[in-house]
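One structure is given here, and the rest of the page talks about it.
Start at 1 with the first residue, then count along the sequence.
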Amino acid sequence: VAKDKAGKSYEVTVINPLGHEDNPVSAKDLAEKFTRLVEPQLGAGNTATALKHWQNIESASSVTPAFDALVVS
């Protein structure tokens, strides 16, 4: 609930927030969020490498490189 300067109350109910099965996050939006959150710690190049590993995790023979790509040195 939020109130405006006149004191009137407003309430919003979100039925299917972003990420809900009926309102999925796009691959593009997910990649942008990953980059925004990870890049300050890993830098641009390492973030791009990590993102590639995680985008292809389902077909990877091992998850180790994906986790190793997130190690902050």
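Cluster partners of Val25 are Leu18, Leu30, counting Ile, Leu, Val, Met, Phe, Trp and Tyr whose side-chain heavy atoms approach within less than 4.5 Å, directly or via other members.
Partner of Thr35 under the side-chain contact (heavy atoms from CB on, under 4.5 Å) criterion, chosen from Glu39, Lys33, Glu32: Glu39.
Val1 places none of its side-chain heavy atoms less than 4.5 Å from the side chain of Tyr10.
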Show me, pair by pair, the donor-acceptor contacts under 3.5 angstrom made by side chains of residues 58-73, not counting sequence neighbours?
| unit_1 | atom_1 | unit_2 | atom_2 | d |
| --- | --- | --- | --- | --- |
| Ser59 | OG | Asn56 | O | 3.2 |
| Ser62 | OG | Thr64 | N | 3.1 |
| Ser62 | OG | Thr64 | OG1 | 3.2 |

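One N or O on the side chain of Asn23 and one on the backbone of Asn16 form a donor-acceptor pair closer than 3.5 Å.
In plain terms, the two heavy atoms of Asp29 and Ser26 that are nearest each other are N-OG, 3.0 Å.
In terms of the ring pair (Phe, Tyr, Trp, His ring centres under 6.0 Å) criterion, Phe34 has no residue partners (sequence neighbours excluded).
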